[in-house]
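Taking it in order: structure first as structure tokens, then the write-up.
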Protein chains: 2
Amino acid sequence: MSQRDDAIFTERELDIMDVLWDRGSGTVGEVREAIQDELAYTTVLTILRTLEKKGYVGHETEGKAHRYHPLVERDEARESHLRRLLRNLFSGSPELLLTQLVSDRDLSEEELRRLRELLDRRLG
Amino acid sequence: MSQRDDAIFTERELDIMDVLWDRGSGTVGEVREAIQDELAYTTVLTILRTLEKKGYVGHETEGKAHRYHPLVERDEARESHLRRLLRNLFSGSPELLLTQLVSDRDLSEEELRRLRELLDRRLG
DNA sequence: GGTGGTGTACTATATCTATAATACAACCGG
DNA sequence: CCGGTTGTATTATAGATATAGTACACCACC
């Protein structure tokens, strides 16, 4: 029941994973306090437990509480989500995606320059 | 019931929108034939109807059939999904996203060059 | 030694997604 | 004129998602 091949999350799950990634770990109470929206304690617990069932987080007992920690890296999630977007909407073409990323949008020339520099560095 | 503010689709919905975007419009039967997976006629119909309820497609009667057509552009969907990804996983930072896009991935130097050129053109 | 706080486990509900069976209308070809 | 084809409408089911109530355990403190 702990099999996982691709780190894809729902928005709510991401809210919670973000907390764990930022802090390294967290109890239900800690996570609950850290996220923006006001959720019931049991709601956060439930989501953490489904995340655990899916193999994305683990926990160890700490006193009477459970301390949850991520089992996947944030980068792994970024990669999974990006790959899925690429495949689903951009025919797998990074160019199409980059085009969309810089199209009209409120990217300053400054920002565009930084993006180009990033590629320059990548190209050595 | 036809209000829509953001063009976000599920994977199945995207399969169908892709057909409509590619061909301009389609009847249930046409869409069904065009998509990869074998789905029951009624399955395609149901999805088209929920897409219509959400305001993403419209239809007019053609003979006894309904001809569906997109009410949102493919670019609009790309933009919505990309924006959501950016916000949800990349702290809204295009640089982080570009970094992930070119990181390790099997991008050839050729591809990287094309990406840089794209930015060059964008920068005028 | 009972009460409140903190915690987990279990259970429940509403909604959405994915898929499809069933039922029925209408046209067209022989 | 009748049966197959093509189509829509209606209804159903299973699973996922989002949210939370209820029940119960335990410790700490007055």
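Quick note on labels: first sequence line is chain A, next is B, and so on, each numbered from 1. Keep in mind it's a predicted model, so treat the numbers as computed, not measured.
- Heavy-atom nearest nucleotides on DNA chain C were determined for B:Thr43 and for B:Thr50, and the one closer to the 5' end corresponds to B:Thr50.
- Taking side-chain N and O atoms only, B:Thr10 has a distance below 4.0 Å to OP1 or OP2 of C:dA18.
- Rounded to a whole Å, the CZ atom of B:Arg32 is 18 Å from the P atom of C:dA18.
- Between the CD atom of A:Glu62 and the P atom of C:dT8 there is a distance of 10 Å, given to the nearest Å.
- Phosphate contact (OP1/OP2 of C:dA9, side-chain N/O of A:Arg49, threshold under 4.0 Å): present.
- Proximity note for B:Ala40 (side chain, C-beta onward) versus C:dG7, C:dA20, D:dA9: the nearest is C:dA20.
- Judged by distance alone, with hydrogens and angles left aside, B:Thr46 brings a side-chain donor or acceptor within reach of the base of C:dA20, the pair sitting under 3.5 Å.
- Taking the nucleotide of DNA chain D with the nearest heavy atom to each of B:Arg67 and A:Glu38, the more 5' of the two is matched to B:Arg67.
- A straight line from CE of A:Met17 to P of D:dT17 spans 14 Å, rounded to a whole angstrom.
- Evaluation of atom-type donor-acceptor distances gives no pair under 3.5 Å for the side chain of A:Thr42 against the base of C:dA9.
- Minimum atom distance to the side chain of B:Lys64 is reached by D:dT5, of the listed D:dT19, D:dT5, C:dA18.
- For B:Val28, the side-chain atoms get nearest to D:dT8 when compared with the rest of D:dT8, C:dA18, D:dA20.
- Atom P of nucleotide D:dA23 and atom CG of A:Leu45 are separated by 17 Å, given to the nearest angstrom.
- D:dA18 atom P lies 10 Å from atom CG of A:Leu14, rounded to whole Å.
- Of the charged side-chain nitrogens involved, none lies within less than 4.0 Å of a carboxylate oxygen, so that A:Arg113 and A:Glu117 do not count as a salt-bridged pair.
- Within the 4.5 Å cutoff, the side chain of B:Leu82 has no heavy atoms near those of the A:Leu89 side chain.
- Distances shown here put every side-chain N or O of A:Lys53 at or beyond 4.0 Å from the OP1 or OP2 atom of D:dA16.
- B:Glu30 places its CD atom 11 Å from the P atom of D:dT8, with the value rounded to the nearest Å.
- Here the C1' atom of nucleotide C:dC16 and the CD atom of B:Glu11 are 15 Å apart, to the nearest Å.
- In this model, the phosphate group of D:dT8 is approached by a side-chain N or O of B:Tyr41 to a distance below 4.0 Å at OP1 or OP2.
- Using a 4.5 Å heavy-atom cutoff, the side chains of B:Gln100 and B:Leu96 are not in contact.
- Regarding A:Arg12, its CZ atom lies at a distance of 20 Å from the P atom of D:dA16, rounded to whole Å.
- For the ring-ring contact (aromatic ring centres under 6.0 Å, His included) test, residues two or more places apart in sequence or in another chain that qualify with B:His59 are B:His66, B:Tyr68.
- Between A:Val31 and the choices A:Val19, A:Asp15, A:Asp18, the side chain to side chain contact (heavy atoms under 4.5 Å, CB included) rule is met once, by A:Val19.
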